[in-house]
Each structure stands twice: as structure tokens, then as C-alpha cells.
Amino acid sequence: MHWGVGLVSSRSCVVDLSRNQTLSLCWCWGSEENYSFYGDIVAFPLQDYGGVMSGLGSDSWWKKTLYLTGGALLAAAAYLLHELLAIRKEQEVNSKDAIILHQFSRPNNGVPSLSPFCLKIETYLRMADLPYQNYFDGKLSPQGKMPWIEYNHTRVSGTEFIIDFLEEKLGVNLNKHLNPHQRAVSRAVTKMVEEHFYWTLAYCQWVENLDETQKMLNITGPLSDLLKWILCHLTKGIVKREMYGQGIGRFSEEEIYRLMEKDMRSLAGLLGDKKYLMGPKFSTLDATVFGHLAQAMWTLPGTRPERLIKGELINLAMYCERIRRKFWPEWHDDNDNTTYESDDSGEDSRTHTPFQDFSYYSRTGTFEDDGMDNSISQTPDTDFTGHSLFDSDVDMDEFTDHDQCK
């Protein structure tokens with residue numbers, strides 16, 4: 001390859017010293033005035049002017065160079081993202097009579113997922129007591145969605161369609177105890193959470209609180225910091241673009257947070273002092289709302305939604321704790337005084353079960369359904385009646401009377 005040598009000045013030009021032997025050149029359109037040039041000596045290739053460079057149109061040489069450099073950087077970013085997401089080598093997954101759940105990798109802050117929808121569907125599977133196998137391959141569904149499942153070699157994406165599919169194929173139904181009015185309310189609240197509240201969370205998570213979110217990504221290797229930075233800023237751009245298209249991204253930061261607060265207050269009002277949103281028994285709506293509120297509860301430290309849920313809307317925080325303790329025993333909160341341990345374990349032997357990764361999970365034999373056992377099992381977070389201290393429907397008068405009797 002032949003190279004040329006030139007001078008890059010503060011002006012928008014490159015002087016080719018390999019062809020022009022003087023710096024006192026004429027910079028004019030019909031003028032005879034000479035200009036002096038000050039800049040840096042550079043080298044550049046002389047070939048392929050009729051190939052790639054000419055294909056970029058009539059722009060000046062330096063602009064074409066910027067285009068090519070930008071393209072190379074984007075290609076490098078795409079390759080790095082491919083290496084990031086393809087954490088596991090692609091391997092055959094046998095989904096015969098097994099639910100294979102494809103989702104994003106676990107973050108490093110102890111929360112199962114930074115995606116409300118991934119957390120929703122995994123919580124739903126635990127509520128429905130359906131054994132499943134996690135697969136953190138980073139591969140999106142054919143529709144470009146995450147999460148998605150495989151069952152008997154059938155692929156289904158979109159949490160609503162996944163739940164419909166499982167209800168049809170496996171006969172599970174978390175909403176069978178709901179009447180038509182409650183089903184309608186559940187549907188309306190689901191859409192408010194997934195189509196409105198979600199975008200305010202995404203804004204807080206991937207735009208305003210991006211630095212903290214970047215720290216939570218679980219990426220290892222020599223280029224981990226670079227990969228995190230690239231992934232976060234690409235996601236930030238995607239979120240802002242999609243928020244603008246959805247409409248909520250056209251408002252100011254204060255207006256977005258005002259909309260978020262209205263949604264959270266609506267959820268707090270609907271919950272009230274009930275154990276679950278639709279009453280004493282959990283439903284699909286609880287998996288949906290928990291997947292979203294958990295982000296405000298555990299992934300947005302120091303932000304307005306966290307202060308709101310742990311402050312004024314404390315019933316939502318108790319609700320999240322209730323679901324976490326019942327369906328996620330291996331999820332340990334560092335701010336929680338209760339640890340999951342056996343009664344005979346000592347202070348030095350406290351260990352926490354890691355999240356289920358590439359293995360099967362079932363809560364059968366781990367949890368007991370409501371009403372299936374009349375015996376009282378007292379744990380560190382229960383009172384003398386066996387009620388969880390995080391249940392908002394605990395009879396406090398009964399508790400007081402018991403203390404007085406003692």
C-alpha cells in the first residue's frame with residue numbers, strides 16, 4: 001500500500017505534502033492572497049480512492065475518514081456485545097416436557113434480574129409451582145423479545161403469551177379464584193404497570209441512574225469495564241428513543257417522575273392492607289407488579305422511587321418483602337435482618353443458597369401452599385400465630401392480647 005504525507009491544520013483541509021512541496025499555498029476562490037498553515041503532519045493511504053472512499057459520496061476526504069472510523073468503532077462495539085451476550089457457547093437444549101426459560105444474566109447486586117419482565121415470569125413460574133430451567137445465553141427470541149421460553153420444542157415470547165401458553169398446555173391458572181370484576185381490574189392494572197409505569201422505571205434505571213446500573217451488571221474479563229460502558233450507553237440510547245416514540249419520553253424529568261409517583265400511589269391504594277393485590281391469595285397480577293416494584297425496591301439506590309416505596313408507601317415495601325420471602329428463599333437482602341438458615345446453624349455457618357442458574361428449580365417441597373398445612377411453623381419473621389410479620393393483614397389486637405396474657 002502506498003502512503004501519502006500531509007498536514008492537518010485547524011482549517012477544514014488536509015495539505016498533501018507528497019505532491020505539494022511548499023506550505024505557502026494559495027487558499028482562495030479567485031484570490032491571490034497566500035496563507036500560512038500550522039498543524040500536524042499525518043500519513044494516509046493513497047489507494048482505494050475509487051472504491052470505498054468514492055462510495056461515500058462527494059464529502060471531503062476527512063469526513064469520509066470519520067465515517068469509516070465510526071463504522072469500524074461500531075463494528076468493534078457490535079463484536080464486543082456479541083461476546084458479552086454469548087456468555088455460553090450455544091448448545092442443544094432439550095425442552096421435551098421441560099420449561100426452558102431464556103433470560104438476561106443475573107446482576108451482581110443480589111437481585112435476580114434487572115428486567116421487570118424476566119423477574120415477572122420467573123416469579124410466576126414459582127407461584128405456579130412449575131419446574132423450569134434457566135438459560136442465560138443472551139439470545140433473544142425470533143421476535144427480538146426477552147424473556148422467552150421453550151417447551152416441547154415450541155418457542156413462545158412475550159410474558160402475556162407465555163402465561164397463556166402455560167395455562168393452556170399445563171392447566172395452571174393463578175386467577176381461578178378471581179371473579180369477572182377482579183379479572184377486569186387485574187387486566188387494567190397490568191396494562192398500567194407494563195405500558196406506563198415500566199417506562200418511568202426504565203428512565204430512572206437506564207438514563208438518570210445509569211452509573212449505578214452499570215455497577216450492577218455481572219460482566220467479567222479484562223474488558224469488563226469497557227463492555228459495561230458500551231452496553232449501558234447503547235441501552236440508554238435505545239430506551240430514550242423508544243420512550244420518545246411511546247410518548248412519555250417527550251416530557252421533562254420532573255414530569256416523568258410525577259407520572260411514576262401517580263402509578264405507585266395507585267398501586268399502594270389498590271393494595272391497601274391486603275396481603276396481595278386481589279385479596280388473601282396471590283394471582284398473576286402479583287407476579288407482574290412485583291417484577292416492577294422490585295426494581296424500585298432493590299435496584300435504584302438513593303433515587304426518588306426507592307425513597308417513596310420505603311417511606312410514604314411502606315405497604316408496597318412490605319408487599320415486596322412478603323413475596324420475596326415466600327417465593328425467593330435464596331434471595332438475600334443485605335439490609336434484611338432475617339437470614340435463611342436452619343435453627344441449629346451457628347453465626348459462623350450462615351450461608352445463602354445461590355440463585356438457580358443452569359439447573360432445574362421447583363418450589364415443591366420447599367414451600368407450603370396456603371391452607372395445605374394447619375400446623376404452625378414459627379420462623380424468625382413470624383409471630384406466635386405463624387403469621388409473617390411482613391403480612392399486612394396480621395391481627396395486631398390478637399398479638400397484643402397474647403402479650404398481655406404472658
Side-chain angles (χ1 to χ4, degrees), residues 109-113 116 119-120 122-124 126-127 174 182 185-186 189-190 192-193 197 200-201 204 260-340 352 363 367-371 376-400 402-403:
N109 66 330
V111 177
S113 180
L119 184 54
K120 166 193 173 180
E122 191 168 3
T123 302
Y124 171 86
R126 293 178 175 223
M127 287 181 169
L174 299 183
Q182 290 175 318
V185 172
S186 178
V189 175
T190 296
M192 178 195 76
V193 170
F197 181 51
T200 63
L201 284 175
C204 187
M260 172 188 286
E261 182 175 339
K262 288 183 177 180
D263 289 344
M264 294 180 69
R265 291 187 181 278
S266 297
L267 291 173
L270 176 64
L271 176 63
D273 60 356
K274 298 192 298 294
K275 187 173 184 178
Y276 299 105
L277 287 167
M278 291 289 105
K281 295 182 178 180
F282 55 81
S283 64
T284 302
L285 177 62
D286 293 296
T288 302
V289 174
F290 174 74
H292 288 73
L293 287 180
Q295 307 303 318
M297 184 81 175
W298 289 292
T299 72
L300 298 172
T303 60
R304 292 172 62 172
E306 187 204 46
R307 292 194 298 268
L308 189 61
I309 194 174
K310 293 183 178 180
E312 187 177 351
L313 306 181
I314 192 63
N315 66 327
L316 293 182
M318 296 170 66
Y319 168 79
C320 289
E321 284 285 356
R322 190 176 308 128
I323 294 179
R324 177 181 70 87
R325 292 169 183 244
K326 184 174 182 63
F327 300 104
W328 291 90
E330 74 275 37
W331 177 353
H332 173 67
D333 183 10
D334 291 335
N335 296 322
D336 184 9
N337 293 325
T338 301
T339 56
Y340 296 93
H352 308 293
R363 74 182 185 96
F367 303 102
E368 294 176 351
D369 287 334
D370 299 324
I376 295 177
S377 175
Q378 191 161 356
T379 61
D381 65 331
T382 59
D383 62 13
F384 75 99
T385 65
H387 286 100
S388 171
L389 298 180
F390 284 87
D391 288 350
S392 57
D393 53 354
V394 172
D395 191 342
M396 298 307 295
D397 292 335
E398 180 183 10
F399 185 79
T400 303
H402 179 77
D403 283 345

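These values consider heavy atoms only, across backbone and side chains, with no hydrogens, waters or symmetry-generated copies.
- Side chains of M127 and I323 form a contact here, defined as non-hydrogen atoms less than 4.5 Å apart.
- R126 CZ to F282 CZ: the interatomic distance, rounded to the nearest 0.5 Å, is 13.0 Å.
- Closest heavy-atom contact between K275 and P280: CD-O, 4.0 Å.
- Using a 4.5 Å cut-off on side-chain heavy atoms (C-beta onward), S283 and D286 make contact.
- Of all the heavy atoms in N315 and A268, the pair that sits closest is ND2-O, 3.1 Å.
- Between T190 and L285 there is a side-chain heavy-atom pair separated by less than 4.5 Å.
- Between C320 and I309 the shortest side-chain heavy-atom distance falls below 4.5 Å.
- Taking the six-membered ring wherever Trp is involved, the centroid distance between the rings of F290 and F327 does not fall below 6.0 Å.
- Scanning all heavy atoms of the two residues, the minimum distance from L277 to Y319 falls at CD1-OH, 3.5 Å.
- Listed by chain and number, the residues in a side chain to side chain donor-acceptor pair (under 3.5 Å) with R304 are E254 (sequence neighbours excluded).
- Residue T303 comes nearest to L300 through the heavy atom pair OG1-O, 2.7 Å, listed as atom of the first residue, atom of the second, then distance.
- Between the side chain of S186 and the main chain of Q182, no donor-acceptor pair closer than 3.5 Å is present.
- Between K281 and Y276 the shortest heavy-atom distance is C-CD1, 3.6 Å.
- V193 has its side chain within reach of L267: a pair of non-hydrogen atoms, C-beta onward, lies under 4.5 Å apart.
- Between F197 and H292, the ring planes lie tilted relative to each other; the angle falls in the 30° to 60° range.
- Rounding to the nearest 0.5 Å gives a distance of 7.5 Å between CG of L201 and CE of M264.
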Run the side-chain contact (heavy atoms from CB on, under 4.5 Å) check on C204 and M260 step by step: do they pass? CA-CA 10 Å; C204 187; M260 172 188 286; 4.2 Å; yes

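- Pairing each heavy atom of R322 with each of K274, the nearest pair is NH1-O, 3.9 Å.
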Show your reasoning for whether side-chain contact (heavy atoms from CB on, under 4.5 Å) applies to T299 and Q295. CA-CA 5 Å; T299 72; Q295 307 303 318; 3.5 Å; yes

Apply side-chain contact (heavy atoms from CB on, under 4.5 Å) to residues V185 and M278 and explain how you reach the verdict. CA-CA 9 Å; V185 172; M278 291 289 105; 3.9 Å; yes

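- Between the side chain of E321 and the main chain of A317, no donor-acceptor pair closer than 3.5 Å is present.
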